[in-house]
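To start, the structure itself, in structure tokens.
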Amino acid sequence: VRRSTPRYDIIFLPPTDGLPVVVHAALNADEATVLFAAEVQRLLADRAGGELAIRRTTSHNGTPEVIVRQQVAALYP
């Protein structure tokens with residue numbers, strides 16, 4: 001049985017009805033976690049609002065699964 005290597009995408013979902021944007025991709029969960037944390041800090045520094053998520057895909061035909069989701073909101077408008 002051949003297992004597919006999961007792929008982790010860090011995606012940004014704008015506060016409007018815009019399409020999700022893949023901002024980073026990683027091949028393991030540890031790297032995805034570090035990239036996710038760095039992207040949260042960057043979005044906060046840029047005062048960007050929206051939602052950030054880690055999406056895992058286990059195969060080319062598999063449905064992506066969101067495993068972490070966090071609202072990002074600027075403290076000051």
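Heavy atoms only: backbone and side chains are in, while hydrogens, waters and symmetry mates are out.
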Notebook entry, point to check: Going only through I, L, V, M, F, W and Y residues with side-chain contacts under 4.5 Å, is there a path from Leu52 to Val34?
Noted result: no
Note to self: Membership question, hydrophobic clusters at under 4.5 Å side-chain separation (ILVMFWY): are Ile67 and Val23 in the same one?
What the structure shows: yes
Check: Listed by chain and number, what are the side chain to side chain contact (heavy atoms under 4.5 Å, CB included) partners of Pro15, not counting sequence neighbours?
Finding: none
Item checked: With sequence neighbours excluded, residues passing salt bridge (charged side-chain N to carboxylate O under 4.0 Å, His left out) with Glu65 -> Arg56
Margin query: Checking one residue: Val22. Which other hydrophobic residues are in its cluster under the side-chain 4.5 Å linking rule?
Written below: Ile11, Leu13
Next item on the list: Of all the heavy-atom pairs spanning Val72 and Ala48, show the shortest one and how long it is.
Entry: CG1-O, 3.6 Å
Note to self: Quick test of your reading: applying side-chain hydrogen bond (donor to acceptor under 3.5 Å, both in side chains), list the pairs with at least one residue in residues 26-35, sequence neighbours left out, ordered by first then second residue.
What the structure shows: none
Note to self: Suppose we screen for side chain to side chain contact (heavy atoms under 4.5 Å, CB included). Which residues come up paired with Ala29, at least two apart in sequence or across chains?
What the structure shows: Tyr8
Next item on the list: Find out if a path of hydrophobic residues (ILVMFWY) with successive side-chain heavy-atom gaps under 4.5 Å connects Val68 to Leu27.
Entry: no
Margin query: Counting C-beta onward and ignoring hydrogens, is there a side-chain heavy-atom pair between Ile54 and Val66 closer than 4.5 Å?
Written below: no
Could you go through residues 35-42 and list every donor-acceptor pair under 3.5 Å that involves a side-chain atom there, pairing it with any protein atom two or more places apart or in another chain?
{"residue": "Glu39", "atom": "OE1", "partner": "His24", "partner atom": "NE2", "Å": "3.1"}
{"residue": "Glu39", "atom": "OE1", "partner": "Arg42", "partner atom": "NE", "Å": "3.4"}
{"residue": "Glu39", "atom": "OE2", "partner": "Arg42", "partner atom": "NE", "Å": "3.0"}
{"residue": "Glu39", "atom": "OE2", "partner": "Arg42", "partner atom": "NH2", "Å": "2.5"}
{"residue": "Arg42", "atom": "NH1", "partner": "Asp46", "partner atom": "OD2", "Å": "2.8"}

